[in-house]
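A quick write-up on the structure given underneath.
Both backbone and side-chain heavy atoms feed into the values below; hydrogens, waters and symmetry mates do not.
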Amino acid sequence: MNRHVYQQPRTYQRYDEEHIIGYLNEEVLNNYQPAQQTEGEDVPEPWPTAYAYTGTETDGGTVMKCDNQSDYGDVANAIIRSRYSESQELAIQRHAINGDYAENAQEYEEYNTWCQYAVATAKRWVLG
C-alpha cells in the first residue's frame, strides 16, 4: 500500500471507461510539516491541514471497477470490492446467517464497518 499527502481533500475521478480512482482511508493531519525534497532545500512551510490517503497506487489512490460512476450505489459497491471480493462477502454473510456469527463476530464487524464506510464515502463523493 502507498500513502500520499495532499493539501486539499481528494475524492474520486474517472480512471477509464470501467474504473474510477478513489482516495480512501482519509487521515486528516493538523499542522502537517512537509518533508524536504532534496538536501540543501529550504524546509517547506507547515500546512495548517493536510489529507493523507492510503491505496494501491503511488499517489495513494485505489483503482476500482465501477459500472456507473455517477451512481452512489455503484461507487459504494466499488469501494466494498476494493477490500472484499463478492465470494468473500457472501461467505461472511453466510457465516452470520447460519449462526456462525459468534465464532466470526470480528470478521463480520470489520466487514460491516467497511460497508458502512463505503456507503457514507460514496454518498459524500457522488451526492456532495
Report summary line: Rounded to the nearest 0.5 Å, the CD atom of Gln33 sits from the CH2 atom of Trp47 at a distance of 10.0 Å

Return a table of donor-acceptor pairs under 3.5 angstrom between the side chains of residues 58-66 and protein atoms on other chains or two or more places apart.
unit_1 : atom_1 : unit_2 : atom_2 : d
Asp59  : OD1    : Gly61  : N      : 2.9
Asp59  : OD2    : Tyr23  : OH     : 2.6

Report summary line: For Ser85, the side-chain contact (heavy atoms from CB on, under 4.5 Å) test, sequence neighbours excluded, returns Ser87, Gln88

Report all side-chain donor-acceptor pairs from residues 24-32 shorter than 3.5 Å, counting only partners two or more places apart or in another chain.
unit_1 : atom_1 : unit_2 : atom_2 : d
Asn25  : ND2    : Thr54  : O      : 3.0
Glu26  : OE1    : Tyr53  : OH     : 2.5
Glu27  : OE1    : Arg3   : NH2    : 3.0

Query raised in the report: By ring pair (Phe, Tyr, Trp, His ring centres under 6.0 Å), which residues pair with Tyr15, not counting sequence neighbours?
Result: none

Query raised in the report: Given side chains that start at C-beta, do those of Pro34 and Glu45 come closer than 4.5 Å, heavy atoms only?
Result: no

Report summary line: Of all heavy-atom pairs linking Val126 and Ser70, the shortest is CG1-O, 3.2 Å

Query raised in the report: What residues, two or more places apart in sequence or in another chain, satisfy ring pair (Phe, Tyr, Trp, His ring centres under 6.0 Å) together with Tyr12?
Result: Trp125

**Report entry** Heavy-atom side-chain proximity of Glu18 to Asp67 below 4.5 angstrom
**Finding:** no

Report task. Starting from Leu90, walk the hydrophobic network (Ile, Leu, Val, Met, Phe, Trp, Tyr; side-chain heavy atoms closer than 4.5 Å) and list everyone else you reach, by chain and number. Result -> none

Report summary line: CD of Glu110 to CD1 of Ile92, rounded to nearest 0.5 Å, is 8.5 Å

Only distances under 3.5 Å count here; give the side-chain donor-acceptor pairs of residues 71-79 to other protein atoms, sequence neighbours excluded, each with its distance to 0.1 Å.
unit_1 : atom_1 : unit_2 : atom_2 : d
Asp71  : OD2    : Gly73  : N      : 3.1
Asp71  : OD2    : Asp74  : N      : 2.9
Asp74  : OD2    : Asn68  : N      : 3.3

Requested in this report: Output yes when a side-chain donor or acceptor of Arg81 lies under 3.5 Å from a complementary backbone atom of Tyr84, and no otherwise.
Outcome: yes

Query raised in the report: Residues in side chain to side chain donor-acceptor pair (under 3.5 Å) with Glu57, at least two apart?
Result: none

Query raised in the report: Would Ile80 end up clustered with Met1 when hydrophobic side chains under 4.5 Å apart are linked, directly or stepwise?
Result: no

Report summary line: OH of Tyr111 to CH2 of Trp114, rounded to nearest 0.5 Å, is 13.0 Å

Query - Non-neighbouring partners of Glu86 that pass salt bridge (charged side-chain N to carboxylate O under 4.0 Å, His left out), sequence neighbours left out - result: none

Query - Partners passing side-chain contact (heavy atoms from CB on, under 4.5 Å) against Gln116 (at least two apart in sequence or in another chain) - result: Asn112

Report summary line: Sorted by chain and number, sequence neighbours left out, salt bridge (charged side-chain N to carboxylate O under 4.0 Å, His left out) with Arg14 holds for Glu17

Query raised in the report: Is there a chain of hydrophobic side chains (I, L, V, M, F, W, Y, each step under 4.5 Å between heavy atoms) that links Tyr117 to Ile20?
Result: yes

Query raised in the report: Residues two or more places apart in sequence or in another chain: which of them pass side chain to side chain donor-acceptor pair (under 3.5 Å) with His4?
Result: none

